[in-house]
Amino acid sequence: MAAAPGAFSLREVLAGFQECVTEQREVLLGPYLCGWRGLVRFLNGLGAIFSFISKDAVAKIQIMENYCGGERREEYRTLQAMVRYELSGGLVDLQRRSAHPDSGCRTVLRLHRALRWLQLFLEGLRTARQDASTSAICTDSYNASLAAYHPWVVRKAAVVAFCTLPSRDAFLEVMNVGGPEEAVEMLGDALPHIRNVYGITQELYEQHHLLDLP
Ligand SMILES: CCCCCCCCCCCCC/C=C/[C@@H](O)[C@H](COP(=O)(O)O)NC(=O)CCCCCCCCCCCCCCC
């Protein structure tokens, strides 16, 4: 079964994470943020209970889009250029949020951590049994990634929201890629690219000691 014509498919959204890596292994922020925008559209379709998550994601995407479309847009074309520019200009709060509370470096770090959740979640969905619970896959992925960075109240609210997720097959359907087999195949194609973006970003942030930015 093919996706309905003109319908919004997760395949195109995830393509953003393939398109954002250049031959020089740089990460282009334009397609990276486009990928996130598309994911938020999916999240919004899953119900109002997820709106506290999508609001935070949108706020962070918006901060980055403002940099990417602003006066210093050349410095924000790639992740590597952004790190160079912000660090050399002293534009990153390293100890606590003060003069530069919304630097590109700290904002991308939050999305980067969420990308790890996405990777684990999609891997879980792809490899789980047909009757597996999406909510359990999502909770496990969350506990193994983002949860470590969230206070108790956020963790609680997140797990309550995950309980409303539909069954695995219904979820694969929502992706609008075709039947469950096609969705699983698409995830198999897309995941190496997500892993690649995650790995490049992790390496860059490690090199510059940016993994704990407040
Ligand atoms: C399928 C269900 C989707 C579940 C999404 C799992 C992620 C759960 C994240 C819970 C975040 C709660 C909101 C608050 C977060 C902030 O405190 C916290 C820290 O920010 P701060 O340092 O500025 O204070 N923010 C963050 O960690 C960034 C969270 C960004 C979450 C982006 C999630 C987008 C999810 C897109 C899902 C699409 C699924 C489609 C797959 C078919």
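Start at 1 and go down the list; that is how both ligands and their atoms are numbered.
- Of all the listed residues (Leu115, Asn176, Asp56, Leu165), Asp56 holds the heavy atom that lies closest to atom 14 (C) of ligand 1.
- Looking only at distances, a side-chain donor or acceptor of Thr134 sits under 3.5 Å from a matching main-chain atom of Pro166.
- Compare Phe121, Phe42, Phe50 by their heavy atoms: the one nearest to atom 40 (C) of ligand 1 is in Phe42.
- Looking at Ala59, Ala114, Gly38, it is Ala114 that brings a heavy atom closest to atom 30 (C) of ligand 1.
- For Met64 against Gly104, the heavy-atom pair with the smallest separation is SD-CA, 3.7 Å.
- For an aromatic pair to be called close, the ring centres must be under 6.0 Å apart, and Tyr76 with Tyr85 satisfies this.
- Between Phe50 and Phe42, the ring center distance fails the sub-6.0 Å criterion.
- Contacts with ligand 1 closer than 4.0 Å are made by side-chain heavy atoms of Leu10 only, the backbone lying farther away.
- Of all the heavy atoms of Leu46, the ones lying under 4.0 Å from any atom of ligand 1 belong exclusively to the side chain.
- When each atom of ligand 1 is checked for a heavy atom of Trp117 under 4.0 Å away, the hits are 3 (C), 4 (C), 5 (C), 6 (C), 35 (C), 37 (C).
- Annotation: Arg155, atom CZ; neighbour count of heavy atoms from other residues, nucleotides and ligands within 6.0 Å is above 12.
- Assignment of Arg113 to the shell around ligand 1 is not supported, since no heavy atom sits closer than 4.0 Å.
- One option in Phe171, Phe52, Trp36 has a heavy atom closer to atom 42 (C) of ligand 1 than any other, and that option is Phe171.
- Protein heavy atoms are found inside the 4.0 Å sphere centred on atom 21 (P) of ligand 1.
- Heavy-atom distances between Lys60 and ligand 1 reach below 4.0 Å in at least one pair.
- The heavy atom nearest to atom 10 (C) of ligand 1, out of those in Arg97, Met175, His150, is found in His150.
- The residues Asp102 and Arg97 are annotated as salt-bridged, a charged nitrogen and a carboxylate oxygen being separated by less than 4.0 angstrom.
- Counting only heavy atoms of the protein, atom 7 (C) of ligand 1 lies nearest to Leu146 CD1, 3.7 Å.
- Under the 4.5 Å side-chain heavy-atom criterion for grouping Ile, Leu, Val, Met, Phe, Trp and Tyr, Leu146 is connected to Phe52 within one hydrophobic cluster.
- Side chains of Arg113 and Gln202: no donor on one and acceptor on the other come within 3.5 Å.
- With atom 36 (C) of ligand 1 as the reference point, the heavy atom nearest to it among Leu111, Leu122, Val13, Leu39 is part of Leu39.
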